[in-house]
Each structure stands twice: as C-alpha cells, then as structure tokens.
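Worksheet: the structure to be examined is printed underneath.
Chain letters run A, B, ... following the sequence lines, proteins first and then strands; every chain starts at 1. All values derive from a computational prediction rather than experimental measurement.
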There are 2 protein chains.
Amino acid sequence: MVAGVTLSDVARHAGVSQATASRVLNGSARVPGEDVANRVRAAAAELGYFPNAQAQALARRTSGLLGLVVHDIADPYFSTIALGVQRAARARGMQTLLASTERDPEAEREAVEAFIAHRTDGLILVGSRSHEFESDAALTGALRPYLDRGGRVVVVGQPLGTGGCVAPRNAEGSAALAGALISAGHRRFAVLSGPAHLRTAVDRCAGFTRALSGHGFRPEAVVAGEFTRDGGYLAAGDLLPLIGVPEAPAPLCVFAVNDVMAIGAIARWRAMGLEVPRDLSVAGFDDIPTLGDHSPSLTTVRLPLADLGDHAVRLLFAGADGGTVPAAARLDVDTTVVIRESTDLGRWRGSGRR
Amino acid sequence: MVAGVTLSDVARHAGVSQATASRVLNGSARVPGEDVANRVRAAAAELGYFPNAQAQALARRTSGLLGLVVHDIADPYFSTIALGVQRAARARGMQTLLASTERDPEAEREAVEAFIAHRTDGLILVGSRSHEFESDAALTGALRPYLDRGGRVVVVGQPLGTGGCVAPRNAEGSAALAGALISAGHRRFAVLSGPAHLRTAVDRCAGFTRALSGHGFRPEAVVAGEFTRDGGYLAAGDLLPLIGVPEAPAPLCVFAVNDVMAIGAIARWRAMGLEVPRDLSVAGFDDIPTLGDHSPSLTTVRLPLADLGDHAVRLLFAGADGGTVPAAARLDVDTTVVIRESTDLGRWRGSGRR
DNA sequence: ACCCTGACGGAAAGCGCATTCCCAAACCTA
DNA sequence: TAGGTTTGGGAATGCGCTTTCCGTCAGGGT
C-alpha cells in the first residue's frame, strides 16, 4: 500500500474538523454549508487527497468490491462474461476482484477464501460446477459462513446448493440444436464431450443425445476431452474412423459441447486433410465472439455471454437496492440455435466419392 | 462487506490475548508456543474465522492488491495478458483488481483513481498510450502523487513518462515482417492501420512502411480503422479497389496492425467473395491464441502475450523483494515473425485470371 | 544466592475513516 | 421576549487488525 494524504490532513488544512471533511468529501446525509464545503474541496484538491478505500470499507462495513472467479480468463467464453460483469460492476460504482483458477478446483476455493477475506460485497463464480463431491463440498463449506453473514453469491453455470444461479438452458439448447440438425437432413451423429465430472459438459451431451433418441437417432460415438481447444484437438482423433464411412447416407455431424473444443477439433481434422463441412459437419455451443469469422463459420448454440455477466450482477444484488422483493435465486437463460456453414449439407462432397 | 467473526472473538474463545491470536494466525516474526498456537488455530477453525483483509491492509499499510487496467478484457490480446498478470499475482499471494475501460481514456483515469483509492501495491496499465495530450496528461497527473508516495506503475505498451514499461518492439517487429514478406516475393503492400492517436498503431505502421522503403517499396494505401475486429471489417472496404488490379505482378499484401483487425478484414473480404490468400494476402500482429486455428492461418508477428503480463508484474516489483538493484525501468520485448497460410503466394490465383 | 538474558503473553496505541452524540448558534412561533 | 426547533460543526468512539512496548517468568552463568 502506499501512504497518502489523510482526511485529517485535509481537515486541518481546511481548518475544519475531520467529521466535516468526511461529510463533504463523500455524499453524506448531512451536507455542510457551501462555503465550508468549498474550503474542504479546495484543500483536498491542493493536497492531492485520495480517500483510503480500506479505511472506508472498515468504517462503512462495505467494501464496494465484487469478486469474480473464472476458470480461465484467456478463454473467450470467460473473458466475455467477465466483460459483462465488469461493466455492470462499474455501473454500480464497484470494483472487480478477478481470479482465474486455471480450472483447478483447489485454486477456486483459495480464490473464494481470499475474496471472503477481502470482504467482497458479492461473489460471482463462473464456470461449470463439478460432479466430484469433494470440490464443491469444500467450496460450499467455505461459502456457508459467508452466506450466513449476509454475503451474496451467484454462480454462472449450475447451482451450487447455495446462493443464486444464472443457469443457461444447456440441455434445452443442445436438444434444440439436435432438432435443427435433424431437420436440416443430418442423420449421423457423434458427440465430442467434455470431462465427465463437468456438469455443463454432461448436461449438453445428455440434452443432445436425448433429443436425438426422441427422433430415433443415437450418436455413433461419444468421446470425452478436456473442455479446451486442445481437448477438442486431441479428442477429435478418436472420431477419425467414423468420418469417411463409404456409402454413408450423410456426413458425420459432430456436436462439440463447446465452441473452443469445436475449433480445436476442426484444426485437427484440417491438419489431416479433412475439411468442414466438405467431409463432415461440426457444431459447437456458446457462440463465442470470433466464431462468426471462423472459416467455416460455426454452427452453434448462442449464449448471450456478456449478458450472463450482467444478469449475474443483477441477481447478486436483487432486492438489495430498493427492490422490494428479492428476485428468484435462479435465472434460467435461453439459448438460440445459430446455423452456419459448418453444418451445411449442401457442401458435403459425399462419402461415395472418397 | 459482510460482518464476520473477528480476531478478538477468536482470542477470547481461545483464552488468549488478541495479540497472540494475531501472531498465530499469520506468520508473524514472533511465534507463540505450540500449545497456545494450537488452541488459537482450533478456535479459529471452530468459529469459521476469516481475517478481514481490509483491516489488515489498514494496519499493515499494504493491501496485497494489484491493479490491472486493460482496454477491453473480451479482446484476446488483453485477456491473454491478463492471464499472465493474474498468474504472477497469485504466485506472489496478491489479488488482482481488474478494470476494463472499453477504450475510454476517461474510464481509464477513473479506474486508476479507484485503484489508488484502494491502495493497490502496484498498478499495471495495459494498452497503447495515446498521442492525444489531454488523456495521458490527466493520467500522469493522477499517478504523480501515487508514485511520489512509493506507488509502483508499469505500463504495457509505451512509456507514460513515468513508471516502468514493458515495451514490445513494435517497429522492429513490423519491419521484420516487411522484410520477410518481401523475401517471400510480395511486391504490393497496403496497411490497415489503427487510430492515428494510438501509438502502438502508429509505431507498427511506421516500422512497416520504413522497412518497405528500405527495400524500395511503399504502401499503395494506408487506411485507418478502429483497433478492433469491427474496425478492421469496416476499414477493409477502403482497400477493395486495390485488390483486383489486372496484370498485377503480385497480390496485394495487407498488413493489419493487429490480429483482430486482420480477422475482421478477412471476414469483410470473404463476405464479398474474396478469399485469402487466393485473392490477396494478409498479415497481422500479436499472434493471439486462436490465430493458428483460423482459416487461413494468419501470418503475424508474435508477441509472447502471457509473458508480457508476467514481465509487467516482475518489473513492478523489481528491487522490492530482496533484489538489490532495481531493474531497468523499461523492458523491451522481442517479437517473432510467424509466416502462415494467409501470405502464401503459391496459393494466389493471379490477377490475370480474374 | 544473585543478576542477566531470553522467551513468551498481554495491554494499548494506532492505521484512516464514518458516524453517533453533543453543543452552540440561529431560526421560528406565539 | 421566552420557549422550542432546527441547523451546522466538532469531539469522540469504533471498525478489525498489527505492532510496539512492558511485564513476567524460567533458565543459566558465576
């Protein structure tokens, strides 16, 4: 920290009491007379006074801090949500404390504890919850006392058993995608899924598969990879045998449970001479910003990412600022299927010609 | 903020003084006896004690906070740097305060002031400085007292006239790119530049142009756009007349001063039926993560983005932790030219055939 | 038996600010 | 003019913690 001019310095310099200086320099309920106020403001400006937010937090019992925990800030999914959160926080005059856990549950817990220690007014956890018992249990354990004391928590992903939740309709979105693909004429499917413990990956995979079976189809394969670009790249290899099936009635259509995996998979296939959608179709999930500029442009399920962040902040403080009724602890977010080039059957060259 | 169990609660519960509890719960120089320490730790665990970081900051005169100001956290350039910063901060046990200014100098100044108020131990400003006098002057004005009191500031981009600086060798990188392109056989050039007030844009443009003239070439056009994907998309239109020149000896090679602009430009051209590198060549700058998976893969000048963040943190605290000699206030970062498909002359279809 | 030295706990003074009281002066009503 | 009511400012307390300063007690040397 950096020592600074204190409020009492300003007060002395302005020839008033500290209380008065305090009242002038931050819209207190009691506003001193105009002349005195001006003297104080002048003194503050002259001395280069900056209030000490730590001391204010201590005295006010409010830090004005918002904790944001993401799995990987360099991933466009998270950084776009972070943009929304940061924007909403700034609109409320709050500062954002960021932690990127690099997908380590342990790091996530540590970040949460650090943020609790910093007495953040609210905590937003972004990223799929896990099915692994320990990790979420440790998290809720750390969160419990925080919540009991009036702390606010919102998770973007799946509910944590506590706190609010902004929940994308993953299963519904995947199902809608499956329906759209079938309508478009697709007949052969595979799923590039994520880690089995990630609920987002599981939900999307299950939604897709269930919708498929509702139409009498089933995926020819479900392979799992890391939830990242590299995970998609690696797992894509397992699907190779399914791609060039002779006399197939339709190309293989691969649903990658998120966009970055889809991009990785396409890269892998391209490296092996396969082109999308010439040789197979690919669809993703999220609609991260750059996706439309990708070549081929990627069919996906759009999530309003920046809005997600905004919603999370809104939900966090629902009922806190004059709102009479605390809003629902859960906000389900609708998705939109976006059909693009990567599933264009018209550009399939047909397995027969291979 | 959220009220919590206080240290004195713990002390009372453990039957010791507050001083002792404090000494136990955070590696003080003086370590109490083992039995007492255990009593205190047990009490803390039982009560669910979390230290109040605000109060600690006040008493210790160190907040353990690192301020990070970026232009746009959703831009992969910034989010990747943010990853590096965040990682380095965590390694030092510090928390990261994030502000995304949405490229508004006013917002940048406000963020800096807020961070100063929060008594961050260090401040990292990422993003090109401006040639516009007012904005940087306002910033240095706010920074001056902070620095005078021992505050630390590092800018990633160009020096701010104060504080440290991690400076990518923009001009050199662009020049190297120009040289490589000429060696590869390129003969016709244009520059998709950024806003005239952004020093990064200007430096890259100038470095490229200067190197070109060193080889007897000059850009056929220099058009400016916003420093974003959309900026590239829009500005790309101005280059259309230059692309299909009949009987040209070589395709037009467009240097976009950053990758996201290049991506936007390619999208624009593709929308008009033009393909890269079939109809023209494109090169960017930065080597943002997804670039290799883009189609065509994009020739660019690689900047070690995550390392930039790491360097910034290191520079920030150089000499502060046992290091005897404060390191240089400036760290120049080398770049690497990466040639990929987007400038592949072999895939040019030739202007004659248009 | 004595003094000196360390080791160990506790009391208390802040860190910089918000805020509750309290007091004096000014204002109003009758 | 007297009483009551605002109004504007200051003194002082406390937010939760660190840290200096003291006091006490045990141990060791002579």
Side-chain angles (χ1 to χ4, degrees), chain A residues 1-40 43-44 47-65 116-121 145 149-150, chain B residues 1-40 43-44 47-65 116-121 145 149-150:
Chain A
M1 182 146 68
V2 165
V5 179
T6 72
L7 187 59
S8 73
D9 291 340
V10 175
R12 197 175 323 118
H13 197 260
V16 301
S17 79
Q18 202 191 77
T20 302
S22 171
R23 289 195 263 253
V24 170
L25 296 178
N26 46 66
S28 157
R30 283 184 50 181
V31 187
E34 201 47 40
D35 49 342
V36 183
N38 284 334
R39 273 221 315 282
V40 173
L47 265 46
Y49 170 73
F50 278 91
N52 183 327
Q54 318 281 352
Q56 289 186 318
L58 200 56
R60 286 183 178 147
R61 291 107 175 285
T62 314
S63 63
L65 252 30
I116 292 179
H118 277 277
R119 298 300 189 265
T120 52
D121 293 336
R149 293 172 209 141
Chain B
M1 185 145 67
V2 165
V5 178
T6 72
L7 186 60
S8 73
D9 292 339
V10 175
R12 198 175 322 120
H13 197 259
V16 300
S17 79
Q18 204 188 86
T20 303
S22 171
R23 289 195 265 252
V24 170
L25 295 177
N26 46 66
S28 157
R30 281 183 51 180
V31 187
E34 201 47 40
D35 49 343
V36 183
N38 284 333
R39 273 222 313 285
V40 173
L47 265 47
Y49 170 73
F50 278 90
N52 184 327
Q54 316 282 351
Q56 289 186 318
L58 198 55
R60 287 182 177 148
R61 301 109 165 237
T62 316
S63 63
L65 253 29
I116 292 179
H118 277 276
R119 299 299 190 263
T120 53
D121 293 336
R149 292 172 208 143

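- Between B:S22 and D:dT18, a side-chain N or O to OP1/OP2 separation shorter than 4.0 Å is present.
- Look at CZ on A:R12: it is 15 Å from C1' on D:dG10, rounded to the nearest Å.
- For the residue pair B:L7 and B:A21, the shortest heavy atom distance occurs at CD1-CB, 3.7 Å.
- Atom-to-atom, CZ of A:R60 to C1' of C:dT20 comes out at 16 Å; the value is rounded to the nearest Å.
- By the 4.5 Å heavy-atom criterion applied to side chains, B:R149 and A:V5 are counted as neighbours.
- Comparing A:G15 and B:A21 against DNA chain D, the residue whose closest nucleotide sits nearer the 5' end is A:G15.
- Between the CG atom of A:D9 and the P atom of C:dG16 there is a distance of 8 Å, given to the nearest Å.
- Look at CG on A:L7: it is 12 Å from C1' on C:dT19, rounded to the nearest Å.
- Note: OH (B:Y49) to C1' (D:dG16) measures 7 Å, nearest angstrom.
- Put simply, A:N52 has no side-chain N or O that comes within less than 4.0 Å of OP1 or OP2 on C:dC15.
- Checking C:dA11, D:dC15, D:dG9 against the side-chain heavy atoms of A:A59 singles out D:dC15 as nearest.
- When distances are taken from the side chain of B:A19 to each of C:dA12, D:dG9, D:dG16, the shortest belongs to C:dA12.
- Comparing atom distances between the B:P51 side chain and each of D:dA12, C:dC17, D:dC17 picks out D:dC17 as nearest.
- With hydrogens and angles ignored, no donor-acceptor pair under 3.5 angstrom links the side chain of A:R23 to the base of D:dG8.
- Shortest non-hydrogen contact noted between A:T6 and A:Y49 is C-CE1, 3.6 Å.
- Using a 4.0 Å cut-off, no side-chain N or O of A:S17 falls inside it from OP1 or OP2 of D:dA11.
- For A:Q56 and C:dT19, the CD to P distance is 10 Å, given to the nearest whole Å.
- Look at CG on B:L25: it is 14 Å from P on D:dT19, rounded to the nearest Å.
- If one axis is set at each end of the helix from C:dA1-D:dT30 to C:dA30-D:dT1 from five pairs, those axes are 40° apart, to 10°.
- Remark: P of D:dG9 and CD of A:Q18 are 16 Å apart, rounded to the nearest angstrom.
- No donor-acceptor pair under 3.5 Å is formed between the side chain of B:R12 and the backbone N or O of B:Q18.
- Nearest nucleotide to the B:V16 side chain, out of C:dG10, C:dC17, D:dC15: C:dG10.
- A heavy-atom distance below 4.5 Å is found between the side chains of A:L65 and B:H118.
- Considering only heavy atoms from C-beta on, A:R39 stays 4.5 Å or farther from A:V24 through its side chain.
- Nearest heavy atom pair, residue A:V40 against residue A:L25, reads CG1-CG, 4.0 Å.
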